[in-house]
Amino acid sequence: MHPVFCYLCRMQHATGLKFELQHTAAGSAARAATIATGHGVIETPVFMPVGTAAAVKGIYHRDLAGEARASIILANTYHLYLRPGMDVLRQAGGVHKFSSWDGPMLTDSGGFQVFSLAGVRKLSEEGCRFSSHIDGSKHLFTPENVVDTQRIIGADIMMAFDECPPGDAPYDYAAKSLGLTHRWLERCFSQFAQTQPLYGHPQALFPIVQGCTYEDLRVRSAEFVQQFGAEGYAIGGLAVGEPAPVMYRMIEAVNAVLPQDKPRYLMGVGTPVNILEAIDRGVDMFDCVMPTRNGRNGMLFTAEGMINIRNEKWRNDFSPVDPDGEAFVDTQYSKAYLRHLAIAGEMTAAQIASLHNVAFYLRLVRMAREHILAGDFPQWKQMMVEKLTRKL
RNA sequence: GUGGCUGUAGUUCAGCUGGUUAGAACGUCGGAUUGUGGUUCCGAAGGUCGUGGGUUCGAACCCCAUCAGCCACC
């Protein structure tokens, strides 16, 4: 257990995560590190496949761990709260046992979902009232009950309940929203301090930096959240329509403030290039639906560029899906066969492409880690960025 | 042989009493997707309306002939 300073009681607390910085790259803010959790060690930089409903769509846990070598996956508080519901999660003994994923897990708080897909919602100081996208039933999320819910789900890392303002929010709204997110954060940590993990393994709570694309708000937010002495920090509200250079500038501004000795998690990002650029700027953790969602729709990421497997050009291409890939789907199946499956609407097309993409993302961050440790990350990144943006 | 029905996009079909550039779905081709409501979303190409005449200012539509398919009856 690793002691951290508690914002509420002004004392050192034993908590769940142990972050060890191994190497920082020369000429870059990139870092290689390890994060020890109650369910195993995560090597960073890391990509966390998104498993909204405690399932990474289309991929067996066996392949996630064995083929893609995922070390940590996400689940979502909003979705699990609505279905199957907390009574099931509690009876199952938490999400690890329920889903039979024995490695580290992280739950998003549902803040993003409430603002992106729930029906009519009403925001107040208290929290957010919304109606379920499944049956229209009405619910209230507050910082307190979202922490409670995440205690019941039992992921190793929980996320604070934040407001996600739209990407094009004007300054006044962004500033007002940020104030609310910060007040909610105090309540999240208060509830966190007053509650205990339910299943015998420790849980960490990450605050989320907001502030849209306004650098002064981002800096203010980073300064505010870091005083909680959290075990890790997230950057939210990016990759929501702003140009990539703006996103990179925000990351630089925030990471200049966040503590060096804690993991930094860029939420919801992104493309392979986005991830490399963010690693270069000192981000350690990522999640994104892109490898699975785009995979379901026939888009493959490879080290040589992007492939739309439905394109006619692959019709008679019997070469492997990705000769450089390490997952069994990469070499067992041909492009022509995968194209056929995708066009025929076969379920396996989505499965093969999802596994390929997730394996590719994880391999990319593993390679990034190796090059950070080897000391040539900036040069390698430069070479990769050029290749990754090609369309095959 | 006689009578009837049907021929419109690759496919299945709409298409009003004759009235602009003949539509849809599926298929084909291409694009999108960033803390997952995704078999999703967006776009494009594709037609000498079976063929040949005729009527009309104007025909997928009306008339004649003809070809093809299906049905019924001798």
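Everything quoted here is computed from the prediction, not taken from an experiment. Every chain is numbered from 1 and lettered A, B, ... according to where its sequence line falls, protein lines coming before strand lines.
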Please classify the nucleic acid contact of [X] as base, sugar-phosphate, or nothing, using heavy-atom distances under 4.0 Å.
X        : value
A/Gly111 : nothing
A/Glu242 : nothing
A/Ile208 : base
A/Asp162 : base
A/Asp108 : base

Test applied, side-chain contact (heavy atoms from CB on, under 4.5 Å); reference residue, A/Arg151; option that passes from A/Gln196, A/Met158, A/Gln191: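 With A/Arg151 as partner, A/Gln196, A/Met158, A/Gln191 yield a single side-chain contact (heavy atoms from CB on, under 4.5 Å), made by A/Met158.
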For A/Gly237 and A/Asn308, find the nucleotide of RNA chain B closest to each by heavy atoms; which residue's nucleotide sits nearer the 5' end?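 With A/Gly237 and A/Asn308 compared, the 5'-side residue is A/Asn308.
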Pick the nucleotide of RNA chain B nearest each of A/Asn297 and A/Gly270; which residue has the one closer to the 5' end?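 Per heavy-atom nearest nucleotide, the more 5' residue is A/Gly270.
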Determine the Euclidean distance between corresponding [atom1] atoms of [M] and [N]; express it in Å to zero decimal places.
N     : M     : atom1 : value
B/A22 : B/C61 : P     : 14 Å
B/G27 : B/C63 : P     : 38 Å
B/G4  : B/A65 : P     : 11 Å

Chi angles and distances behind the side-chain hydrogen bond (donor to acceptor under 3.5 Å, both in side chains) call for A/Asn76, A/Tyr81: CA-CA 8 Å; A/Asn76 190 275; A/Tyr81 162 83; over 6 Å; no
Taking only side-chain N and O atoms of [X], does any of them lie within less than 4.0 angstrom of OP1 or OP2 on [N]?
X        : N     : value
A/Arg339 : B/C29 : yes
A/Asn311 : B/G30 : yes
A/Lys391 : B/G31 : yes

Side chains of A/Asp102 and A/His61 only: does a donor on one sit below 3.5 Å from an acceptor on the other?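 Result is no, nothing qualifies.
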Nearest-nucleotide pick for A/Arg310, side chain only, options being B/A32, B/U34, B/U33: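 Shortest atom-to-atom distance from the side chain points to B/A32.
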